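First comes the structure, then the notes that go with it.
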Amino acid sequence: MAKHVLRLTAVAYILFLLVLPVGLIIWRTFGDGLGPFVEALTSPSAVHAFKVTITVAAWAVVANTVFGVGAALLLVRHEFPGKRLLGAFIDLPMAVSPVVVGLALILVYGRFSPVGGLLESWGVQVIFSTPGMVLATVFVALPLVVRAIVPVLEELGDEQEQAAHTLGANRLQTFARITLPGIRWALGYGVVLCLARSLGEYGAVAVVSGRLVDQTQTLTLFVEERFQNFDQPAAFAAATALALIAVVTLLLTKLLRPKDLSDGN
């Protein structure tokens with residue numbers, strides 16, 4: 001009896017919190033057919049928002065992939081003072097509000113801050129431009145690649161790597177031929193999660209971007225701006241596009257998730 005009650009509670013929770021709202025958005029999007037959906041997503045503002053979103057997400061994924069692999073190797077393969085502190089800092093974005101992150105970036109890289117003023121004198125604008133949006137997105141998605149790789153590295157151990165060193169392989173050869181093949185599925189899983197987080201980021205990007213239409217507007221900001229301006233077809237179309245991206249991402253994570261993690265072992 002208790003099992004059935006728990007199942008019913010879980011299904012009702014998901015139904016009212018997730019399925020009904022998303023289903024309503026999709027129904028409103030395609031209520032008048034496919035034409036308005038295509039027209040809304042092919043408007044100049046929507047296309048620009050897509051381009052900005054993809055640019056920011058791509059840079060964030062590349063940065064977090066490089067950092068994530070390096071940080072995971074550092075945490076698993078080496079002992080050093082402050083190791084636990086580094087791990088705590090890597091997990092910090094999971095606890096800090098994205099809005100706080102955006103505000104912190106403005107305080108550091110804003111035009112009237114020492115660092116931001118120096119960069120502006122060199123012709124580099126961070127806040128209210130793409131670099132600031134990339135920094136904000138990198139921060140909020142920082143732990144995902146690291147935390148996907150660390151358990152796999154711990155399970156693999158370093159015996160094969162030590163054997164490769166003994167046979168004369170250098171660090172780069174060992175990484176390319178031993179380490180990378182061993183973590184490739186976990187790496188792919190972390191990259192997909194990072195991409196999904198980057199594409200859907202709103203809070204930090206909203207603060208540092210300035211929400212400039214046709215300049216620093218991502219797809220999530222486009223949804224809000226269109227809805228507030230009573231352009232519901234465009235808002236619903238963009239929201240549906242984001243939902244479809246989320247579904248594809250979910251399927252990819254299921255395919256790329258390491259078997260030992262999928263089985264709950």
Side-chain angles (χ1 to χ4, degrees), residues 14-65 98-99 101-102 127-141 144 188-189 191-256:
I14 294 175
L15 178 65
F16 288 101
L17 190 65
L18 179 63
V19 176
L20 284 179
V22 174
L24 181 59
I25 290 176
I26 295 175
W27 178 74
R28 293 288 296 272
T29 301
F30 297 105
D32 296 324
L34 189 62
F37 174 76
V38 175
E39 181 181 355
L41 292 185
T42 54
S43 67
S45 294
V47 171
H48 186 273
F50 269 109
K51 290 180 179 179
V52 173
T53 301
I54 293 172
T55 300
V56 171
W59 280 109
V61 169
V62 170
N64 277 334
T65 299
V99 176
V101 174
I127 303 302
F128 303 148
S129 66
T130 301
M133 299 165 69
V134 172
L135 285 176
T137 307
V138 166
F139 186 93
V140 298
L144 299 177
Y189 176 67
V191 168
V192 171
L193 285 179
C194 182
L195 177 62
R197 185 71 178 86
S198 301
L199 291 172
E201 173 53 27
Y202 172 81
V205 170
V207 175
V208 301
S209 67
R211 311 185 191 192
L212 305 177
V213 177
D214 294 339
Q215 296 184 46
T216 61
Q217 191 179 58
T218 61
L219 198 58
T220 52
L221 300 178
F222 175 81
V223 172
E224 182 200 30
E225 185 265 330
R226 290 291 86 200
F227 188 78
Q228 289 183 348
N229 284 281
F230 305 101
D231 186 0
Q232 293 188 356
F236 289 140
T240 299
L242 286 171
L244 293 176
I245 292 172
V247 171
V248 172
T249 302
L250 178 63
L251 294 176
L252 287 175
T253 56
K254 292 297 182 182
L255 293 174
L256 294 173

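From a predicted model like this one, the values you see are computed outputs, not experimental measurements.
Side-chain atoms of S43 and S45 include no donor-acceptor pair closer than 3.5 Å.
Note that CE of M133 and CD of Q217 are 9.0 Å apart. Values are rounded to the nearest 0.5 Å. Note: I25 CD1 to L20 CG = 11.5 Å, rounded to the nearest 0.5 Å. Atom OG1 of T65 and atom CG of L195 lie 9.5 Å apart (nearest 0.5 Å). Atoms OG1 and CZ, on T240 and F30 in that order, are 5.5 Å from each other to the nearest 0.5 Å. D214 contributes atom CG, which lies 11.0 Å from atom NZ of K51 (distance to the nearest 0.5 angstrom). To the nearest 0.5 Å, atoms CG (L199) and OG1 (T218) are separated by 9.5 Å.
Contact annotation: the side chain of L41 approaches that of F50 to within less than 4.5 Å [non-hydrogen atoms, C-beta and beyond]. Between F222 and V52, the closest side-chain pair of non-hydrogen atoms is not below 4.5 Å. At least one side-chain heavy atom of F37 sits less than 4.5 Å from a side-chain heavy atom of L34. Counting heavy atoms from C-beta outward, L242 and T220 have side chains that approach closer than 4.5 Å.
Heavy atoms only, all atoms of each residue included: A60 and V138 are closest at CA-CG2, 3.6 Å. For the residue pair A40 and P233, the shortest heavy atom distance occurs at CB-O, 4.1 Å. Counting all heavy atoms, side chain and backbone alike, P98 lies closest to R197 at CG-NH2, 4.1 Å.
Crowding of F227 atom CZ: a count of heavy atoms from other residues, nucleotides or ligands under 6.0 Å not exceeding 12. By the neighbour-count criterion of 12 heavy atoms within 6.0 Å, atom CD of Q232 is densely surrounded, having more than that number from other residues, nucleotides or ligands.
Distance alone, capped at 3.5 Å, is enough to place a donor-acceptor pair between the T53 side chain and the L219 backbone. Distance alone, capped at 3.5 Å, is enough to place a donor-acceptor pair between the T29 side chain and the F236 backbone.
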Let me check something: any side-chain donor-acceptor pairs from residues 203-211 under 3.5 Å, sequence neighbours excluded? List them with distances.
residue: S209; atom: OG; partner: V205; partner atom: O; Å: 2.7
residue: S209; atom: OG; partner: R211; partner atom: N; Å: 3.1
residue: R211; atom: NH1; partner: E224; partner atom: OE1; Å: 3.0
residue: R211; atom: NH1; partner: E224; partner atom: OE2; Å: 3.2

